[in-house]
2 protein chains.
Amino acid sequence: MSHGGDIYRNNVKLDMSVNINPVRRPEAVDKAMLRGLEKADCYPDIIYEALRNDLANTEGLQPENVIVGNGASELITAVIRAFRGHKVAMTAPSFTGYEAAADCAEVEKVFIDLKPEDDFDISAVKEGLNKLSSGDLLILTDPNNPNGRLIEKSELESILKETEERGIYVLLDECFISLTREGVKAGGREFLRKGQKKLMVIDAITKSFAVPGIRLGFLFTIEMSLAKKIEALLPEWNVSSVAEETGRAALKEKDYLEESALFISEERERVIEKIEDIACKTGVKIRIFKSDVNFVLLKCHINLYKKMLDEGILIRDCSEYHGLGEGYFRIAIRSKEKNDIFLKTFESVITEKLPT
Amino acid sequence: MSHGGDIYRNNVKLDMSVNINPVRRPEAVDKAMLRGLEKADCYPDIIYEALRNDLANTEGLQPENVIVGNGASELITAVIRAFRGHKVAMTAPSFTGYEAAADCAEVEKVFIDLKPEDDFDISAVKEGLNKLSSGDLLILTDPNNPNGRLIEKSELESILKETEERGIYVLLDECFISLTREGVKAGGREFLRKGQKKLMVIDAITKSFAVPGIRLGFLFTIEMSLAKKIEALLPEWNVSSVAEETGRAALKEKDYLEESALFISEERERVIEKIEDIACKTGVKIRIFKSDVNFVLLKCHINLYKKMLDEGILIRDCSEYHGLGEGYFRIAIRSKEKNDIFLKTFESVITEKLPT
């Protein structure tokens with residue numbers, strides 16, 4: 001259940017746990033999906049030449065630097081598998097899927113604890129590198145999940161300089177970066193273009209185009225031996241014709257992503273302000289962590305997950321995240337209307353907990 | 001290129017290499033695909049409860065006996081990975097994907113050579129079991145690819161009795177079985193229902209519903225420890241919403257499969273008869289191997305692959321199959337019209353090779 005709650009086995013009227021773009025995808029993407037269905041009776045191109053060419057052109061890379069997968073989750077699993085026999089480091093907290101994939105690949109995990117007092121920024125990562133040796137893997141998420149914080153560009157550059165020198169590989173998961181105001185330019189792709197060898201960048205259309213039911217992820221790396229190793233771990237025809245067409249259309253929709261990011265940032269600030277108001281009015285302590293994207297991590301002594309679910313609203317209980325624990329909850333930024341329903345219920349849940 | 005030729009990088013007017021059902025899929029399946037697209041903005045159910053329930057009901061098994069995957073190829077890869085540290089035996093010839101997956105999982109491969117003089121039947125398998133020990137894996141394809149021959153039910157039963165006694169696991173790949181006149185009842189599912197522990201049966205909708213661009217495979221096993229091990233090797237959300245809906249609709253279309261199998265068998269006999277006529281008329285020796293399904297393996301000293309491709313028709317060059325070699329070609333049974341175009345060109349290719 002690592003991407004949110006379970007809407008299939010709970011009575012959920014509103015899902016505020018699923019962190020996908022709240023803005024309706026462009027019509028051109030819908031049309032591409034239908035084109036994909038029309039191609040369902042053909043085997044996809046086994047090397048996905050057209051899609052990889054488009055991605056390479058978009059990113060200023062070569063087609064052989066691009067690997068496509070059945071969602072980012074397939075690619076993450078393959079990357080971690082490629083590092084069997086090495087250590088795999090991840091921040092705590094971060095996306096729970098890394099830990100699951102590492103366990104499944106039987107690699108040794110190393111956790112680098114981020115601190116709540118730093119709003120879970122990645123200032124602890126530099127020191128954490130001392131736990132790793134040449135050939136090991138560091139996974140960073142930009143922006144991080146579940147707190148939504150972007151990595152400062154100068155900090156990223158400094159980490160990448162050090163990992164490259166030490167021979168440590170970095171997997172930079174940018175599945176949410178298109179939904180930040182800064183967009184992909186905030187992330188690691190420019191370092192690939194500049195020749196950073198031991199870097200892999202992962203992205204997907206799942207979150208940014210709100211199509212988790214399609215399944216398409218990309219991985220970029222300029223180190224060909226690594227690319228070949230990862231590709232060999234993927235099954236044949238791993239991308240459906242629908243995903244291929246959807247992805248190619250999505251690459252043309254930069255305006256949509258910029259508009260989405262603007263909407264999200266405005267809506268996020270509105271939701272945060274309202275939560276702060278509620279906290280202030282009621283005297284209930286709610287810690288809100290800094291976020292640059294379409295979800296916000298909260299800390300509160302009230303069991304918000306249970307209380308909200310009783311009202312039919314699903315939020316993400318983050319107690320299972322390594323490095324968090326009881327009292328952490330993630331809420332998604334969705335449409336204005338949905339956010340308003342959430343806020344109204346949230347207020348009543350917080351208020352009814354007050355001593356009368 | 002293991003499922004046929006490369007239509008993306010050749011000038012192909014007619015693809016006679018791709019071995020999918022030649023009969024147009026039912027409208028209900030098209031509608032299900034569209035329903036799947038409508039659900040693209042939701043994460044699929046991470047445990048695919050509805051789909052697995054439907055599959056379990058269809059097969060007379062329990063939902064926990066069913067694993068779903070992004071096409072059979074993902075499941076085959078996961079199964080072979082689950083047997084790391086053990087030997088994996090496959091017949092030669094058989095689907096080239098097993099060998100690729102075994103190499104990628106770094107397992108020791110064992111080939112059991114089938115003999116052309118036996119029409120590549122599996123009479124050699126019993127003796128081949130002596131190369132395996134308890135805990136190893138035997139892969140059988142029913143009907144086999146590239147020759148299309150079904151395994152005799154009594155022979156299958158006898159092999160399964162012996163493997164169970166010896167503690168050898170069997171992966172029975174039935175991806176084509178729905179396109180034989182005998183259908184799934186010819187295969188291994190009844191042995192699962194009877195309690196065969198060390199058996200896995202794989203199927204997919206790719207071939208039977210001619211939707212290789214969708215991606216949906218199933219695996220059935222009643223041994224729960226094995227099921228858990230395989231599931232742990234699969235990424236989360238590996239089945240798209242489109243594949244899920246398509247699969248659920250496909251399960252209801254037994255009549256379509258029966259009609260398809262009838263058409264295929266009649267068309268196959270017509271094509272074979274015509275090829276025999278051509279061989280007879282021209283004196284060119286063409287060996288045609290016994291097939292029960294929608295493709296036929298030929299042996300001929302003429303390079304049919306190259307000659308046909310010069311005419312814009314792609315057939316499957318089988319020289320790379322372990323256990324075959326130069327001079328083996330696979331042709332698909334497609335629509336009457338396509339088969340006629342193929343036969344006409346085939347005749348002219350064979351005829352022009354005659355000394356004048």
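Values in this document were obtained by computation on a predicted structure and should not be read as measured data. Residue numbers begin at 1 in each chain, while the letters A, B, ... track the order of the sequences.
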Flag the pair [X] / [Y] as yes when at least one side-chain heavy-atom distance between them is below 4.5 Å, and no otherwise.
X	Y	answer
A:L34	B:L34	yes
A:L37	B:D30	no
B:V242	A:M33	no

Specify which of [options] makes the most heavy-atom pairs with chain A at under 4.5 Å.
options	answer
B:T246, B:L75, B:I214	B:I214
B:R84, B:E244, B:K229	B:R84
B:S240, B:A232, B:A78	B:S240

Do you know the tightest heavy-atom contact between [X] and [Y]?
X	Y	value
B:P212	A:P44	O-CD, 3.6 Å
A:A40	B:R25	CB-NH1, 4.4 Å
A:Y8	B:Y43	OH-O, 2.8 Å

_Non-neighbouring partners of A:T77 that pass side chain to side chain contact (heavy atoms under 4.5 Å, CB included), sequence neighbours left out_ = A:R81, A:A101, B:P235

*Selection from A:A243, A:C42, A:G36, A:G71 maximising heavy-atom pairs under 4.5 Å formed with chain B*: A:C42

*A:N70, A:V211, A:N21: which one forms the most heavy-atom pairs within less than 4.5 Å of chain B?*
A:N70

*Counting N and O atoms only, with roles assigned by atom type, does the side chain of A:R215 sit under 3.5 Å from a partner on the main chain of B:N238, one being a donor and the other an acceptor?*
no

*Exam field: side chain A:D41 to backbone B:A210, donor-acceptor pair closer than 3.5 Å*: no

*Taking only residues two or more places apart in sequence or in another chain, which ones pass salt bridge (charged side-chain N to carboxylate O under 4.0 Å, His left out) with B:D317?*
none

